[in-house]
Amino acid sequence: MSKDTREPLIFDVSRPGRVAANLLPKCDVPYQSPSELLGAESLREKLPLPEVSELDVVRHFTHLSQRNYSIDAGFYPLGSCTMKYNPKINEKTAGLPGFAALHPLQPQETVQGALELIYELQKMLAEICGMKATTLQPSAGAHGELLAMMMVQAYHAERGDTQRNIVVIPDSAHGTNPASAARCGFKVKGIPSNEKGCTDLAGLEKALEGGNVAALMLTNPNTVGLFESDIQQICQMVHDAGGLVYCDGANMNAMLGLTRPGDMGFDVMHFNLHKTFSTPHGGGGPGCGAVSVQANLEPYLPVPTVEKEGDTFRWKFDNSKSVGKVHSFYGAFLIAVRAYTYILSLGKEGLRSASENALINANYIRARLADYYDVAYNAPICMHEVVFSANRQKREGDVRAMDISKRLMDYGFHPPTNYFPLIVPEALMIEPTETESKQTIDSFIEAMIAIAKETQENPEIVRTAPHTTLVSRLDETMAVKNLDLRYAPLFEE
Amino acid sequence: MAQNIPADLKYTKSHEWVRVEGDVVVIGITDHAQDSLGDIVYLDLPEAGRVLAKEDTFGEVESVKAVSELYSPVSGEVVEANTGIQDSTEVVNTDPYEGGWLIKVRLSDPSEVEALLSAEEYGAVADAEGH
Amino acid sequence: MAYISNTNEDRAEMLSAMGFTSFDALLAPLPPAIRYQGELNIPTALDEGGVLRRLQQLAAKNVDLESHLCFLGAGIYDHFRPVVVGMLAVRGEFATAYTPYQPEVSQGTLQAIYEYQTLICGLTNMDISNASMYDGATGLAEAALMATSILNRGDIVVSGAVNPLYRQVIQTYANVTGYRVVEVPTAEGVTDTERLSEIVNSQTACVVFQQPNFFGNLEDVETLTETAHKAGALAISAVDPISLGLLKPPGDYGVDIVLGEGQSLGNAMGFGGPLLGFFACNKRFVRSFPGRIVGATQDSQGRRGYTMTLRTREQDIRREKATSNICTNQALLALCATIYLCELGKTGLRHVADLSLQKAHYAFQQLCAIEGVKPLFPNAKFFKEFALSLPVSPSELNTSLLQSKIVGGLDLGAYYPEFAGSSLFCVTETKTKAGIDALVSATEGVVKGGKA
Ligand SMILES: Cc1ncc(COP(=O)(O)O)c(C=O)c1O
């Protein structure tokens with residue numbers, strides 16, 4: 001029998017009558033019966049919440065935390081996610097009461113420091129990408145994409161160009177690109193990548209025919225980790241056809257201080273502050289998908305925008321061309337505080353150095369593993385990430401990219417991204433980031449080489465990995481077929 | 001990898017198979033299709049009575065990590081859908097050509113069947129996609 | 001350089017291992033015309049102490065609500081955050097992990113999400129909860145879009161008593177998709193149910209309301225839900241999760257989709273972000289549902305484990321046909337909500353809700369005793385927020401209150417011109433009787449001072 005290593009659910013720990021701590025004051029105003037104040041018919045009977053002590057809570061969540069892999073614990077080369085070190089000072093500044101304990105509807109004169117920070121960060125981001133203006137309202141990359149497509153639509157509508165209902169997206173794009181365009185009512189037209197893994201100009205030309213294209217959504221560097229060297233021509237082609245060009249800026253970590261999407265010809269882009277600007281990913285979020293625009297799209301930015309008059313900052317709500325609002329308030333302010341802290345810590349020289357080291361680390365991995373794994377599209381140089389294909393391992397040992405990823409766990413590393421981009425069979429997408437040392441990267445490379453050898457000598461050990469984690473591979477078919485999405489006993493009785 | 005491609009059926013490039021039973025055809029997905037999808041966990045099938053044109057989508061088949069649309073190889077009216085297997089979708093994996101059939105369609109243009117791929121032609125399609 | 005681990009020697013060695021002598025070789029793919037030659041107009045690096053000082057200086061320009069009393073609500077609430085919540089959630093093992101795509105090394109995050117889903121289902125009495133949405137407003141917009149696609153109908157009917165900021169977001173989302181947003185008027189501070197029954201028809205995809213509504217008042221949720229269902233539409237309710245410590249859960253009155261802002265469940269107000277959209281629905285809609293969801297299953301040795309499931313709804317697999325474009329969500333805030341709900345538990349949440357109810361009613365009664373201050377909606381029942389018509393201008397009152405270290409209520413005229421001259425006050429359990437009395441006497445002072 002295998003050892004049962006599971007952490008009980010907090011509901012299993014619960015005991016009737018147990019309470020956590022003396023959290024709340026006694027009622028110090030005259031007590032009135034809730035059923036009189038609210039009406040007995042409005043009140044609930046059961047409240048199925050756990051009853052646990054504070055020590056139960058601390059132990060439980062400490063145990064859960066120990067069941068996670070994290071950047072703080074080890075190398076996390078998850079491609080497209082920029083899992084760089086998240087500086088601790090960011091948490092300190094975001095926790096200052098002068099930021100954390102602000103209500104979004106306080107009078108503007110009481111939040112001048114917050115508005116100044118937003119204003120400053122927006123300017124910095126616009127400078128970094130070479131555009132005119134920025135909004136921090138979107139909550140994540142996908143939300144930024146959606147907002148950008150809304151602005152694209154408003155732009156064409158104002159010009160009476162309402163027939164433009166197509167958004168062109170390369171087949172290498174992240175799934176959020178087509179999903180965001182479709183959410184905005186656009187039809188998605190895919191274009192294939194060329195033999196170099198980049199945008200196929202002839203394919204683009206053809207897609208642009210007919211005058212119905214509203215925009216091209218392009219990731220640069222693209223999801224194969226390659227810089228789109230024809231980018232200026234691509235932007236020109238789309239502009240000539242009357243369309244706009246959107247940059248998925250998830251890969252901005254390759255470009256800080258080295259090149260700017262605005263200078264390439266892009267009209268609009270999103271940043272992932274939760275990637276490039278080191279705000280922690282939190283096991284899935286939160287993020288901030290700040291969007292920057294050139295002058296042509298500035299009028300359509302969501303409201304409110306922040307303005308500076310003399311030394312005073314204020315919200316501007318009335319903007320007749322704005323697409324409206326995409327967030328309850330102004331976006332993820334405390335994420336903005338972290339990103340701003342980070343930019344001040346790095347300075348302009350540190351930003352550039354971050355991208356330089358990101359490129360060096362990725363290319364070093366590419367060079368050292370090229371004999372063991374097939375480099376996708378075999379370009380001589382990659383940007384901040386490198387995509388391999390496990391095709392060779394699949395052929396030689398019936399070992400898939402997923403198997404290699406699982407085996408890496410046994411060597412103490414987080415796996416790379418698998419099965420993305422879709423155009424690379426058996427993709428292993430590796431993004432080391434700039435914060436890792438040569439020493440760490442060397443040990444990762446050794447592990448990858450050892451696994452490549454195992455696929456030849458003992459493929460079974462790779463195919464059945466991981467062997468050292470708290471749970472082994474999970475039955476995902478069972479998870480879908482016998483849906484268990486909440487702890488059922490709580491809802492019985 | 002050996003492919004099971006019965007010689008007496010007709011096929012499409014999108015991996016459906018067709019068996020003619022008088023003026024009705026039975027339609028399913030091929031062994032190759034079920035194998036590349038993996039464990040099938042969900043089937044979306046049309047209601048009887050729906051009229052399909054050739055190449056219309058008539059449903060969806062899903063595994064844990066992939067979705068595939070189903071395209072009608074022929075034109076006609078759906079006379080029956082194999083709703084009985086919607087709770088035991090693994091039948092499509094284990095028995096794609098018999099128990100795992102998906103819909104029956106009354107042909108509106110029997111000549112369409114002739115234009116479909118033979119087992120041999122389909123085998124070439126499946127091979128080209130590789131394994 | 002900050003946070004760079006490689007030394008100059010490391011870099012030189014790495015470049016030479018690749019056969020290069022300088023970093024510039026790696027920029028070969030960049031056409032010279034777009035290589036950035038300038039220096040970014042961004043300050044040069046500050047030392048850690050310098051960074052802290054700059055941020056402290058900015059923070060000090062704000063009036064923070066630890067040093068001031070806050071009577072603002074309207075969607076973001078000053079509820080007590082038990083210390084343990086922040087202490088646990090800041091652990092790097094939670095905070096610096098990515099989305100749990102690799103379940104074997106993410107069981108902590110996954111189990112926490114499963115517990116979160118269970119807690120949200122318990123609070124709302126709904127069948128399924130997702131792992132989170134961006135915030136209450138986008139959650140509401142997604143719910144409305146979900147209804148349009150389930151029913152293939154184009155009208156989104158929204159009560160005028162739904163948070164006006166949320167309504168702006170729904171409108172923004174609807175504009176680009178061509179759906180029509182139809183507003184239901186209010187009467188005496190609640191949705192006008194008679195008008196609603198005239199408005200709904202066979203084009204209505206959903207009826208959206210909020211409980212308690214924007215004015216803090218209790219809606220006749222049974223009738224609203226019934227009216228939606230009679231028209232074949234879905235009933236969608238935004239709820240205040242704290243109120244569910246006392247109020248009947250939406251599952252009890254048959255709502256189809258429930259969502260809300262989860263900030264008050266142990267998360268900072270943070271000037272309005274990041275926030276936590278919670279989202280739950282009836283299990284009939286499990287395939288139309290937006291966002292990530294975690295399920296329990298077994299590993300290859302039969303041990304219980306958790307994994308993301310129903311993945312084919314999502315953008316990375318279904319792309320333009322996905323149920324939503326959401327990818328990154330608000331996982332860490334959902335974790336805080338989970339810890340919060342466990343820490344407070346059954347009795348604690350009820351107590352928070354009850355204290356808020358008691359204090360709000362005490363404040364209401366004391367304020368209404370001031371001459372000229374009148375309830376805006378005298379017949380309404382309310383939870384922790386209430387609207388008062390004032391004999392002085394709300395913004396002037398607020399300016400004066402600031403001198404007593406009080407952040408007053410929301411000037412309703414900014415959102416409802418017909419209610420100019422009225423304020424929306426919020427009182428939570430964090431306000432003591434003394435604090436409320438301070439608000440009352442400061443208000444009385446301004447009113448008696450005769451300023452208008
Ligand atoms: C290339 C790319 N585009 C877009 C996104 C979406 O960003 P987010 O997860 O912040 O919504 C991601 C990240 O997952 C990405 O890698």
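Proteins come first, then strands; the chains are lettered A, B, ... in the order of their sequence lines, and each starts at number 1.
No more than 12 heavy atoms of other residues, nucleotides or ligands lie within 6.0 Å of CZ in B:Arg106, so this atom counts as exposed by the packing criterion. When the shell of 6.0 Å around CZ of C:Arg180 is examined, it contains 12 or fewer heavy atoms from other residues, nucleotides or ligands. Around CD of B:Glu21, the count of heavy atoms belonging to other residues, nucleotides or ligands within 6.0 Å exceeds 12. Counting non-hydrogen atoms of other residues, nucleotides and ligands closer than 6.0 Å to CG of B:Asp8 gives a total above 12.
Using non-hydrogen atoms only and a strict 4.5 Å limit, the part of residues 56-80 of chain B facing chain C consists of B:Glu60, B:Glu62, B:Ser63, B:Val64, B:Lys65, B:Ala66, B:Val67, B:Glu69. Applying a 4.5 Å heavy-atom cutoff, none of the residues of residues 45-55 of chain B approach chain C. Against chain B, the residues from residues 308-316 of chain C that qualify, each with a non-hydrogen atom under 4.5 angstrom away, are C:Arg311, C:Thr312 in number order.
Within the structure, ring pair (Phe, Tyr, Trp, His ring centres under 6.0 Å) pairs that include any residue of residues 128-152 of chain C comprise A:His143-C:Tyr134 (at least two apart or interchain).
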